[in-house]
Structures are given as structure tokens and as C-alpha cells.
Student: 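Let me give you the structure first, and then I'll get to my questions.
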Amino acid sequence: MNRKKKMGGTEVAFRPQTIIEARYDLDRRQNDIIDILLGIVGEGDDTEENTRYEIHIADVKHLYNLQDESNAYSYLQNAVKKFEGLGFRLKEDEGTDIYYPWFSKIKYQKKRGDEGRSKIVLDLHPEVKEMIMTAKQGAYYRIEYPLNLTKKYSKRLYYLLKDKETFNGGTFIISFDELRKMMKIPESYANGNVKREILDKPYEEINGNTDISFEYELIHEKLPSGQRSISAVRFKVKRVNRNRTVVEYETIEKNGESVIATAEEQEIIDLLDCNIKEAKDILRTARANERTREQLLEILSYTLKKQVDNKVGYILTILKNGYNEPTKFGTKQKSSAWNNKELDTAYAQMNFEDLERQILSN
């Protein structure tokens with residue numbers, strides 16, 4: 001094993017430069033599986049001959065910012081299933097490409113009633129294992145950072161930046177065409193759209209949310225037509241003190257599919273301690289009944305002050321019917337609050353900046 005022993009245990013991965021620069025198209029969850037695997041390879045008593053690795057659900061589910069971990073096995077299983085029949089391609093020289101399957105064998109073992117003991121067993125191709133263990137260049141990183149980046153191109157760019165952060169002061173140039181090819185961007189996509197997906201969005205997500213930050217500069221060339229086109233990208237990457245990891249508000253359905261809350265939904269989740277489905281129901285009902293954001297905030301504040309067992313149901317009722325609340329005997333109380341379409345005078349005079357600060361401080 002030629003590469004130096006990595007520090008940090010299984011929560012630190014080493015991704016060889018050959019894999020970083022290989023041409024493949026993995027979604028964000030498939031990259032997670034590779035990160036988890038690369039954290040295990042070479043750890044403890046791992047030998048050069050060993051090619052079989054086990055991902056134990058109990059050991060990795062804490063790495064995700066999940067609201068509900070009960071379906072973590074199905075979640076990871078779905079990600080691994082997408083590897084079936086997939087591989088990556090390396091360019092050995094001008095006339096030779098090599099294709100490797102990501103895994104030569106995958107085994108799923110679910111322990112019913114004890115999901116923490118469930119595991120996924122992955123067999124690497126022997127040459128892929130050798131590639132990982134003998135690589136002298138590549139990126140060491142804490143897997144919590146790419147695991148909680150929400151966009152697949154943010155992950156791919158993060159690996160590339162980590163590989164280059166210690167070379168030449170973190171400054172490097174890569175051709176735009178090569179960057180497109182690495183990330184398997186279809187040739188039909190316009191450069192402006194590609195720039196947004198593989199540079200602008202990762203810039204917003206990586207900076208401030210990981211252990212690195214970067215700047216980039218586009219290098220243009222003049223085409224025979226006289227137009228200017230992007231020819232290369234100059235990157236400047238530097239290591240920074242960890243601020244925070246990306247908080248991805250996510251819940252897992254029984255089938256292993258994930259649902260991610262929007263910022264608007266998460267605001268409701270934080271206030272009411274409800275789940276994503278309930279937050280979506282609240283927003284959907286508010287829109288269907290033409291409620292403004294200010295009206296919704298008022299209802300949330302009003303409900304938080306009341307002793308109500310089913311807060312979500314209570315909010316949905318007000319969103320539909322206004323403040324004419326039913327009494328215990330089924331009759332309706334008089335109310336001076338707004339009805340289904342209009343606000344009364346008192347509501348119109350409310351200070352919503354103060355109200356919003358009050359809600360967010362709860």
C-alpha cells in the first residue's frame with residue numbers, strides 16, 4: 001500500500017486523482033456511497049488482497065442531517081441499486097480507454113426489526129482497489145462535507161478543489177471542455193447554462209459550508225466567427241476554518257426515497273415541530289385559500305399561544321374558514337378577525353416585522 005495512512009478513521013475519505021478526474025455521471029446519493037466506501041478502504045486491518053467491504057447502517061446514518069432515520073437502510077439501498085450495471089471510464093493514453101464497473105458484486109442484507117444491524121456488502125474490482133491503495137495523488141476530506149452538499153456538481157467540484165488545494169498555492173487552470181467532460185455534461189448544453197450548474201451553484205454551496213472556499217475566473221477565446229467563448233477556468237482555492245455543514249432538512253419515506261424541505265417549509269417545521277408532509281399541507285392550503293405570508297404568520301403565532309393538541313389540523317381549519325372557530329357545542333363564536341378573503345381593521349394595523357421576530361424567537 002503506497003499511499004500514506006489516512007488520519008481520522010472512517011469519517012475521512014481518500015479519493016484518488018484518477019477517480020476525481022474520471023468521466024462518470026453519479027447522482028448525489030451515489031457519490032455518497034463512494035465517499036462512505038472510500039472512508040472504509042485502507043482502514044484498520046484492511047489488506048491489499050481484500051476487496052469486500054460492508055457498509056453498516058448504524059455506522060453511517062448519523063452523518064446525514066436527517067429528521068427521521070427509521071428508513072435509513074432503504075434510503076442507502078436505493079442509492080446503491082443505482083450502481084447496478086454502472087461504471088466509470090479512464091483515459092489511459094490517446095488510443096486507450098478503460099472501463100471499470102464500480103462494483104463487481106453487491107449484496108443487500110436487511111435485518112428486520114433491527115435496522116441498525118442491516119448492511120450492504122460491496123465487492124470492488126481488484127484493479128479498482130489497487131488504484132485506490134497505490135495512488136499517490138488525490139484528495140483527503142471529511143465525508144460529512146460532500147455528504148451534505150445538495151447538488152451533484154457541487155460534490156464533483158469539491159473533490160477537484162480538495163485535490164488541488166495544496167498545489168501551487170491552490171491556483172490551477174482547467175479547460176472548460178475538460179470540466180464538461182469530467183462531469184458528463186451533454187454537448188448540446190449551452191456554455192451559459194453549464195457555467196451556472198457547475199460553477200455558480202457550487203460556488204454558493206461550497207463557500208461557507210465546507211472546509212474550503214474558492215474563487216474562479218473565466219478565460220475566454222475568440223472564435224473564427226468573432227464571438228467570444230469560454231476556453232478555460234482559473235480556480236483559486238484555500239482552506240478555511242469550518243463554519244458549518246450544509247443543513248439539509250430531509251425525511252425518508254418507507255420506500256427509501258427522500259423528501260427535502262424548502263426554506264419556507266422548514267420555517268414551519270421549526271416553529272411547529274411538524275413533519276415535511278404537514279408543512280407542505282399547510283402551505284398548499286394557504287395558497288388554495290389565497291392567504292398571504294403575513295396571514296400565515298399570524299395564524300402560526302395565534303396557534304402557538306393556544307393549548308391545542310392537533311396544531312396542524314387547527315391551522316388548516318383557520319386557513320380554510322378564517323377565525324370563526326367552532327365551540328364545544330358545535331355553534332360558532334363571533335369573531336372580528338379576517339374572513340376568507342379580507343382583513344379587518346385590527347389585522348391591517350398589525351406590525352408584522354415584530355410578529356415575525358416573535359415567532360422566530362420561539
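What you see is a predicted model; the values in this text were computed from it and never measured. Numbers here are sequence positions counted from 1. Quick note: numbers below take in every heavy atom, side chains included, and nothing from hydrogens, waters or symmetry partners.
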Student: Does K195 make a cation-pi contact with F176 (under 6.0 Å, within 45 degrees of the axis)?
Tutor: no
Student: Taking C-beta and beyond as the side chain, do Q30 and W102 meet within less than 4.5 Å on heavy atoms?
Tutor: no
Student: Under a 4.0 Å threshold between the charged nitrogen and the carboxylate oxygen, would D32 count as salt-bridged to K155?
Tutor: yes
Student: Do you know the tightest heavy-atom contact between M182 and E21?
Tutor: CG-O, 3.6 Å
Student: Given K164, which partner from the list T166, L161, L160, N168 fulfils the side chain to side chain contact (heavy atoms under 4.5 Å, CB included) test?
Tutor: L160
Student: When the side chains of residues 230-239 are checked against the rest of the protein, which donor-acceptor pairs come out under 3.5 Å, sequence neighbours left out?
Tutor:
from	atom 1	to	atom 2	distance (Å)
S231	OG	I219	O	3.0
R234	NH1	E217	OE1	3.0
K236	NZ	G169	O	2.6
R239	NE	E165	OE1	3.4
R239	NH2	E165	OE2	3.3

Student: Can you name the nearest heavy-atom pair linking V240 to T210, along with the distance?
Tutor: CG2-O, 3.8 Å
Student: Assess whether side chain to side chain donor-acceptor pair (under 3.5 Å) is satisfied between D35 and Y159, documenting all intermediate values.
Tutor: CA-CA 10 Å; D35 284 333; Y159 305 134; 2.6 Å; yes
Student: Taking I20's backbone N and O only, do any of them form a donor-acceptor pair with R156's side chain (distance below 3.5 Å, no angle check)?
Tutor: yes
Student: Within a radius of less than 6.0 Å around OH of Y108, do more than 12 heavy atoms belonging to other residues, nucleotides or ligands occur?
Tutor: yes
Student: If you count the non-hydrogen atoms of other residues, nucleotides and ligands that lie under 6.0 Å from CD in E187, is the total more than 12?
Tutor: no
Student: Looking at K107 and D123, is any side-chain nitrogen of the basic one under 4.0 Å from a carboxylate oxygen of the acidic one?
Tutor: no
Student: Do S301 side-chain atoms and L297 backbone N/O form a donor-acceptor pair below 3.5 Å?
Tutor: no
Student: Looking at side-chain heavy atoms only, is the closest gap between V312 and D281 below 4.5 Å?
Tutor: no
Student: So, do T10 and I143 sit near enough that their side-chain heavy atoms are less than 4.5 Å apart?
Tutor: no
Student: Just so I know, are the side chains of Y153 and L157 near enough to count as touching, which here means a heavy-atom distance under 4.5 Å?
Tutor: no
Student: Under a 4.0 Å N-O cut-off, is there an ion pair linking R142 with D211?
Tutor: no
Student: Could you walk me through whether L296 and I268 satisfy the side-chain contact (heavy atoms from CB on, under 4.5 Å) test, starting with their C-alpha distance in whole Å, then the side-chain angles of each, then the deciding distance to 0.1 Å, before giving a yes or no?
Tutor: CA-CA 10 Å; L296 179 56; I268 295 173; 4.3 Å; yes
Student: Do N31 and Y24 have side chains that get closer than 4.5 Å, going by heavy atoms?
Tutor: yes
Student: Passes side-chain contact (heavy atoms from CB on, under 4.5 Å), I34 versus R15? Steps please.
Tutor: CA-CA 9 Å; I34 299 299; R15 185 172 286 230; 3.3 Å; yes
Student: Of the non-hydrogen atoms in G85 and Y99, which two are nearest, and what is the gap between them?
Tutor: O-OH, 3.7 Å
Student: When rounded to the nearest 0.5 angstrom, what is the spacing between OG in S175 and NZ in K181?
Tutor: 7.5 Å
Student: Please report the shortest heavy-atom distance between R291 and Q295, naming the atom on each side.
Tutor: CA-OE1, 3.1 Å
Student: What is the distance from atom CG of D163 to atom OH of Y158, rounded to the nearest 0.5 Å?
Tutor: 12.0 Å
Student: Between R196 and N193, is the side chain to side chain donor-acceptor pair (under 3.5 Å) condition met? List the steps.
Tutor: CA-CA 5 Å; R196 183 177 65 250; N193 293 335; 3.3 Å; yes
Student: In terms of hydrophobic clusters joined by side-chain contacts under 4.5 Å, are I132 and V121 together?
Tutor: no
Student: Mind checking whether E215 and Y203 have side chains closer than 4.5 Å, heavy atoms only?
Tutor: yes
Student: Linking I/L/V/M/F/W/Y whenever their side-chain heavy atoms sit closer than 4.5 Å, directly or via other members, would F167 and I19 fall into one cluster?
Tutor: no
Student: Would K280 and E265 satisfy side-chain contact (heavy atoms from CB on, under 4.5 Å), going step by step from the backbone distance to the final call?
Tutor: CA-CA 6 Å; K280 288 180 180 295; E265 291 162 355; 2.9 Å; yes
Student: Can you tell me how far OH of Y141 sits from NZ of K162, rounded to the nearest 0.5 angstrom?
Tutor: 10.0 Å
Student: Does E205 reach the main-chain N or O of T150 with its side chain, forming a donor-acceptor pair under 3.5 Å?
Tutor: yes
Student: Between K320 and N289 (side chain of the first, backbone of the second, donor and acceptor by atom type, cut-off under 3.5 Å), is there such a pair?
Tutor: no
Student: Walk me through it: do R180 and D177 pass the test salt bridge (charged side-chain N to carboxylate O under 4.0 Å, His left out)?
Tutor: CA-CA 5 Å; R180 289 181 62 130; D177 282 347; 5.2 Å; no
Student: Check whether any side-chain heavy atom of Y53 sits under 4.5 Å from a side-chain heavy atom of D46, and report yes or no.
Tutor: yes
Student: At what distance, to the nearest 0.5 angstrom, does NZ of K105 lie from OG1 of T51?
Tutor: 10.0 Å
Student: Give the minimum heavy-atom separation between P101 and V128, together with the two atoms involved.
Tutor: O-CG2, 4.3 Å
Student: Nearest 0.5 Å, what's the NZ-CD1 distance between K151 and I206?
Tutor: 10.5 Å
Student: According to a hydrophobic-cluster definition based on side-chain heavy atoms being under 4.5 Å apart (Ile, Leu, Val, Met, Phe, Trp, Tyr only), do I173 and L179 belong together?
Tutor: no
Student: Checking side-chain contact (heavy atoms from CB on, under 4.5 Å) for the pair L26/F83: CA distance, chi angles, key distance, verdict?
Tutor: CA-CA 9 Å; L26 297 183; F83 278 103; 3.9 Å; yes
Student: In Å and rounded to the nearest 0.5 Å, what is the NZ to CD distance from K82 to Q77?
Tutor: 12.5 Å
Student: Between D97 and R89, which heavy-atom pair has the shortest distance, and what is it?
Tutor: OD2-CD, 3.9 Å
Student: Would you say that E130 contacts E48 through its side chain, given a criterion of any heavy-atom pair below 4.5 Å between the two side chains?
Tutor: no
Student: Is a donor on one side and an acceptor on the other found under 3.5 Å between the side chain of K110 and the backbone of S118?
Tutor: no
